[in-house]
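What follows is a single structure, written as structure tokens, with notes after it.
Note that the numbering runs from 1 along the sequence shown for the chain.
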Amino acid sequence: MDQSAVSVDVVALRFWADDAAATFGIAARGHEPFTGQVALPGVLLGRGERLADAAVRAVHTKLGVPAAAIGPVGQLVTFDEPNRDPRGPTLSIVMWAVAGPHHGPAQWVSFDDPPPLAFDHNSIAAAARGLLSGLLWKDRTLTRALLGAQFPATRAVDLTASLLGARPDAANLNRTLAGIPGLEKTDERRRTKATGRPAAVWAFTGDR
């Protein structure tokens, strides 16, 4: 029986200081199949290669993100439909990664309205969005990589809304934040908009 190939496809997240929402990176494919069509960054898993290393390689080589700007990565889900790749049966292990600020050629698109993507990457992005919204505020590594060590409450609202697909209830979100171990509400308030009250600032305690 022929074996399936294994690819590592990455939903690389961007949520920089001036971004109003989290977006994910795509780039045009340079070879068949689907030459010229945009897709998530992905690579075939090398013999003996760790998934996290393959994910970093995909984000670096396909999106042009410098290695120093690639933050933590994690595993989300596996897509195993046998006909998902016209070259033959290929498992897709879907990973997330956080891309820090940099200058690069990647296109960053909204989860709300992504363009048509090669393979089954639209389905992957949609599934990843749901999984990431569930990990937010539960996975400290992911959450801190996106928001930084300190963040105003308005940033928490914007990030949650972009992954959840709907604006969260402010009171419920505050209760969620207050219940997270290692996250504390500070005495600082920070103005993030020209109008309105300054937002409360939350901070992670400890180094991790």
Side-chain angles (χ1 to χ4, degrees), residues 9-26 38-41 55 59 63 65 70-79 92-101 106-117 120-186 189-193 195-204:
D9 296 307
V10 188
V11 178
L13 299 166
R14 165 180 165 162
F15 190 57
W16 301 350
D18 294 330
D19 292 342
T23 53
F24 66 95
I26 57 175
V38 288
L40 296 172
V59 175
L63 294 185
V65 178
I70 301 173
V73 301
Q75 188 173 344
L76 284 173
V77 68
T78 299
F79 274 61
S92 171
I93 300 176
V94 182
M95 306 285 286
W96 60 262
V98 177
Q107 180 181 351
W108 300 91
V109 298
S110 167
F111 284 98
D112 287 333
D113 189 27
L117 303 176
D120 53 355
H121 288 187
N122 284 94
S123 296
I124 287 177
R129 182 186 197 179
L131 293 167
L132 288 164
S133 68
L135 288 176
L136 186 65
W137 311 122
K138 295 177 182 177
D139 187 315
R140 180 186 173 101
T141 300
L142 169 67
T143 305
R144 182 165 175 165
L146 289 168
L147 285 165
Q150 292 188 351
F151 58 90
T154 48
R155 291 282 286 167
V157 171
D158 291 342
L159 178 59
T160 304
S162 58
L163 292 180
L164 192 62
R167 194 167 182 83
D169 177 80
N172 287 341
L173 181 57
N174 275 328
R175 282 192 290 270
T176 297
L177 297 180
I180 297 173
L183 183 65
E184 296 180 352
K185 189 176 183 179
T186 71
R189 300 190 73 88
R190 189 178 303 167
R191 185 176 297 279
T192 59
K193 298 179 182 179
T195 60
R197 297 175 57 193
V201 173
W202 292 79
F204 286 103

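Looking only at side-chain heavy atoms (C-beta outward), Trp137 and Leu173 come within less than 4.5 Å of each other. The shortest distance between side-chain heavy atoms of Arg189 and Arg197 falls below 4.5 Å. The side-chain heavy atoms of Thr143 and Phe204, taken from C-beta on, include a pair separated by under 4.5 Å. At a threshold of 4.5 Å between non-hydrogen side-chain atoms, the residues Phe151 and Leu159 do not count as touching. With contacts defined as side-chain heavy-atom distances shorter than 4.5 Å, the pair Val98/Ile70 does not qualify. Between Val109 and Pro115, some side-chain heavy-atom pair lies under the 4.5 Å cut-off.
Looking only at distances, a side-chain donor or acceptor of Trp16 sits under 3.5 Å from a matching main-chain atom of Ala99. Panel note: side chain Thr186, backbone Val201; a donor-acceptor pair is recorded below 3.5 Å. Asn122 places a side-chain N or O within donor-acceptor distance of the main-chain N or O of Leu117, the cut-off being under 3.5 Å. Side chain of Asp139 to main chain of Thr141: a donor-acceptor pair is present (N/O by atom type, distance under 3.5 Å, no hydrogens or angles). Checking side-chain atoms of Asn174 against main-chain N and O of Ala171 turns up no donor-acceptor pair under 3.5 Å. The main-chain N or O of Ala199 is never found under 3.5 Å from a side-chain atom of Arg190 such that the two would form a donor-acceptor pair. Side-chain atoms of His121 never come within 3.5 Å of backbone atoms of Ala39 as a donor-acceptor pair (strictly under, hydrogens ignored).
Results of the side-chain contact (heavy atoms from CB on, under 4.5 Å) test with Phe111 over Val11, Thr23, Leu164 single out Val11 as the only residue that passes.
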Side chain to side chain contact (heavy atoms under 4.5 Å, CB included) between Val10 and Val94: does it pass, once the steps are laid out?
CA-CA 6 Å; Val10 188; Val94 182; over 6 Å; no

Under the side chain to side chain contact (heavy atoms under 4.5 Å, CB included) criterion, do Leu76 and Ile93 qualify, and how do the steps go?
CA-CA 8 Å; Leu76 284 173; Ile93 300 176; over 6 Å; no

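Contact between Val59 and Ala12 at its shortest, heavy atoms only, is CG2-CB, 4.2 Å. The nearest pair of heavy atoms linking Ala156 to Leu147 is N-CD2, 4.3 Å. Heavy atoms only, all atoms of each residue included: Trp96 and Pro72 are closest at CZ3-O, 3.2 Å.
Residue pairs meeting the salt bridge (Lys or Arg N to Asp or Glu O under 4.0 Å) criterion with at least one member in residues 149-171: none, sequence neighbours excluded.
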Side-chain donor/acceptor pairs under 3.5 Å, residues 124-134, sequence neighbours excluded:
from, atom 1, to, atom 2, distance (Å)
Arg129, NE, Ser162, O, 3.2
Arg129, NE, Leu163, O, 3.2
Arg129, NH1, Asp112, OD1, 3.1
Arg129, NH2, Asp112, OD1, 2.7
Arg129, NH2, Ser162, O, 3.0
Ser133, OG, Arg129, O, 3.4
Ser133, OG, Gly130, O, 2.8

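Here the NZ atom belonging to Lys138 is positioned 10.5 Å from the CD1 atom belonging to Ile180, to the nearest 0.5 angstrom.
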